[in-house]
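Structure record follows, encoded as structure tokens.
Just so we're on the same page: letters track the sequence lines, and every chain starts at 1.
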Protein chains: 2
Amino acid sequence: MAKSPQKKSSAPASGNAVTADLVAVLVAVTDGTPKIVTIAGGSALPSGPFEFTHRSLQTALRAWVEAQTGHPLGYVEQLYTFADRGRSGDAKSPHSVSISYLGLTREDRVGEGFEAHWSGWYDYFPWEDHRAGAPSSLAKIIAPKLKAWAKAAPSPTLQRERWQRCAITFGLEDRDWNEELVLQRYELLWEASLIPEANHSRGREASVVPGKPMTADHRRILATGIARLRAKIKYRPVVFELMPAEFTLLQLQRSVEALAGRLVHKQNFRRLIEQQELVEETGAMAADTVGRPAKLFRFRHAVLAERAVAGTKLPLSRT
Amino acid sequence: MAKSPQKKSSAPASGNAVTADLVAVLVAVTDGTPKIVTIAGGSALPSGPFEFTHRSLQTALRAWVEAQTGHPLGYVEQLYTFADRGRSGDAKSPHSVSISYLGLTREDRVGEGFEAHWSGWYDYFPWEDHRAGAPSSLAKIIAPKLKAWAKAAPSPTLQRERWQRCAITFGLEDRDWNEELVLQRYELLWEASLIPEANHSRGREASVVPGKPMTADHRRILATGIARLRAKIKYRPVVFELMPAEFTLLQLQRSVEALAGRLVHKQNFRRLIEQQELVEETGAMAADTVGRPAKLFRFRHAVLAERAVAGTKLPLSRT
DNA sequence: CATCTTATGCTCACGGAGAGTATAAATGGC
DNA sequence: GCCATTTATACTCTCCGTGAGCATAAGATG
């Protein structure tokens with residue numbers, strides 16, 4: 001640490017200028033479908049430049065999201081910062097830094113008349129929805145292609161290691177599936193050249209996996225967001241940001257299941273929600289429903305003060 | 001999302017140029033003391049510019065850290081990206097973006113003769129070391145000052161809420177202390193103006209809390225790093241990056257305790273480590289030791305392949 | 001009224017985690 | 001050589017969280 005500029009003040013804005021963009025993964029859940037805001041016909045995540053007028057990164061994000069959708073974001077959280085070599089491939093063009101954020105809203109809070117629209121997130125990651133069991137494309141398409149990729153490794157040992165990695169990451173061969181490994185699965189598919197974005201403009205479109213592609217690394221950012229959210233709902237009461245003011249416990253459960261991509265044991269779910277006092281009854285009952293009517297609940301905002309910091313748990317069963 | 005430049009290609013490097021710096025929290029543990037690399041007499045974290053020659057952020061970080069310390073980093077992980085308004089306070093000066101990383105090494109792998117040196121991380125956060133019980137400064141200094149701050153709130157309700165937040169965050173009044181809330185505690189102290197960095201050059205140095213300050217927001221970045229590491233050691237085998245090639249189980253335990261800032265139940269610790277097959281015996285025994293000699297172990301690097309993805313657990317007892 | 005669907009209450013069994021007891025193996029002092 | 005001290009290591013016990021299933025209630029529909 002001898003020579004280089006260690007203190008910020010010693011090298012102000014010299015040769016290391018870059019451009020900074022904010023990229024947003026804006027999530028909502030509408031009757032059992034997790035959705036994200038997309039632009040350009042669903043091929044990109046909304047993004048905007050980080051400009052001088054913004055006081056902080058989060059301020060910047062909130063500002064342009066609210067300006068463009070007409071409604072405020074609830075929970076906002078930074079995801080990850082990516083750096084790309086100059087876009088045109090020109091070595092002299094500046095670096096670009098993309099700072100990605102996860103934001104939670106509700107679909108009905110976003111205005112009409114914008115280029116943006118909602119897309120189901122499983123359109124981009126069909127292999128991530130295990131609510132009706134492992135998706136058929138997993139066994140039919142993905143697993144065989146991964147197996148072929150594993151077999152293509154130079155040595156038998158490496159072949160075994162590759163396949164083991166695939167099996168663990170995707171929950172193949174009777175292993176249990178871990179819903180949080182969204183990013184690892186995406187990167188594994190990328191490594192196996194099964195993601196169209198990875199094929200560096202060579203025309204081998206045939207050997208890819210189902211799922212809508214996106215511009216640049218936007219699908220990777222989305223994977224990061226899904227993974228983060230799936231992890232977070234287990235210990236923080238963030239699902240409620242995605243719920244309407246009043247809801248039944250089943251609706252809440254369906255939202256959690258939609259995000260997690262897997263089913264939950266109903267009675268245990270209710271037990272956990274209630275014993276943690278996350279919700280309170282409104283007194284009203286749900287209307288327009290088949291079966292026995294359910295009580296309506298609302299989120300107890302008080303818990304944010306009581307336990308802003310402590311934990312919350314959601315049960316995600318394994319079967 | 002109508003008018004503003006959503007697609008990256010539509011506004012290349014227009015008015016949103018910023019400077020990007022990488023800031024590193026480089027951690028080692030030497031006989032029971034967690035240490036970090038600091039510069040400028042311990043008042044700053046090492047940082048370097050993100051330049052054109054670097055292929056990625058992590059590459060850039062590894063490059064200059066290895067160049068400056070003479071040894072490779074093991075585990076590296078991105079922490080958080082901060083944005084500061086132009087340093088000089090001049091509104092026209094460019095934004096600066098600081099991308100912070102957590103890196104794990106060992107003290108003996110870092111060369112001599114650099115400006116950098118090692119500082120104990122509890123020098124900066126004395127209230128974070130609960131290994132010998134809650135530090136005395138907590139009850140004697142911090143709690144009273146926080147109580148005073150809570151009392152200063154405008155309404156009784158707000159006063160109660162503030163104090164409740166303090167009590168939860170710091171584990172006061174017989175609550176149990178959560179070692180992961182490093183950042184929350186720091187920010188609470190900041191909010192209560194008990195952190196010198198927060199006093200905007202007004203001379204109220206008297207009412208601050210013990211602990212060495214740092215330049216700019218470097219102490220906040222360090223807090224982020226400590227928090228991340230404390231969370232991570234519980235489910236990923238990252239401690240081993242900080243251990244020598246061979247070690248006893250007690251040494252391993254001491255390292256975990258040093259990082260976590262709290263003690264661990266010895267027998268349960270060993271049970272967990274062994275049943276997870278994280279280590280294997282070397283066959284040799286520890287020398288130069290009081291008491292019954294202990295077996296030496298080494299990390300089973302194979303688990304990284306087996307469970308790169310799955311979990312690992314460390315017991316952190318509550319008493 | 002039978003049936004279907006959803007809501008809601010209760011019980012049970014397993015396993016993991018926290019904590020304690022007991023014994024073994026070394027050292028150093030007398 | 002004996003004893004106190006220190007650390008290592010093996011077991012045991014209990015509690016509780018969690019997954020899972022059973023049973024019943026309360027509506028709608030034909």
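Taking each heavy atom of B/W127 and B/P210 in turn, the nearest pair found is CZ3-O, 3.2 Å. Residues B/K295 and B/E281 share a closest heavy-atom pair of NZ-OE2, 3.2 Å.
Residue order along DNA chain C, read from the 5' end via each residue's closest nucleotide, puts A/G291 first among B/G291 and A/G291.
For B/K266, the listed nucleotide lying nearest its side chain is D/dT7; candidates were D/dG27, C/dA26, D/dT7. Looking at the side chain of A/H265, the nearest of the listed nucleotides C/dA17, D/dG21, D/dT7 is D/dG21. When each of D/dT18, C/dA25, C/dT6 is scored by its nearest atom to the side-chain atoms of A/L250, the top-ranked nucleotide is C/dT6.
Residue B/R262 contributes atom CZ, which lies 10 Å from atom P of C/dA19 at whole-angstrom precision. In this structure, CG of B/L296 is placed 10 Å from P of D/dT9, rounded to the nearest angstrom. For A/F269 and C/dC10, the CZ to C1' distance is 19 Å, given to the nearest whole Å. For B/Q275 and C/dG15, the CD to P distance is 13 Å, given to the nearest whole Å. Nucleotide C/dA17 holds its P atom 19 Å from the CG atom of B/L263, rounded to whole Å. Rounded to whole Å, the distance from CG on A/D176 to C1' on D/dG19 is 13 Å. Atoms CG (B/L272) and C1' (C/dA19) sit 15 Å apart, rounded to a whole Å. The distance from atom CE of B/M285 to atom P of C/dA24 is 16 Å, rounded to the nearest whole Å.
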Dump the pairs, protein N or O against N or O of nucleotides 10-14 of chain D, anything under 3.5 Å, distances to one decimal.
from: D/dA10; atom 1: N6; to: B/Q267; atom 2: NE2; distance (Å): 3.3

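Counting any heavy atom pair closer than 4.0 Å across all strands shown, B/L249 reaches no nucleic acid atom.
Each of B/E128, B/E180, B/E179 was checked for a side-chain hydrogen bond (donor to acceptor under 3.5 Å, both in side chains) with B/R230, and the lone residue meeting it is B/E128.
Phosphate contact (OP1/OP2 of C/dA24, side-chain N/O of B/R292, threshold under 4.0 Å): absent.
Between B/E77 and B/R236, none of the side-chain N atoms (NZ, or NE/NH1/NH2) sits under 4.0 Å from a carboxylate O, so this pair counts as no salt bridge.
A side-chain donor-acceptor contact under 3.5 Å links B/R228 to the backbone of B/Q78.
Relative orientation of the A/F240 and A/F247 rings is tilted, given thresholds of 30° and 60° on the angle between their planes.
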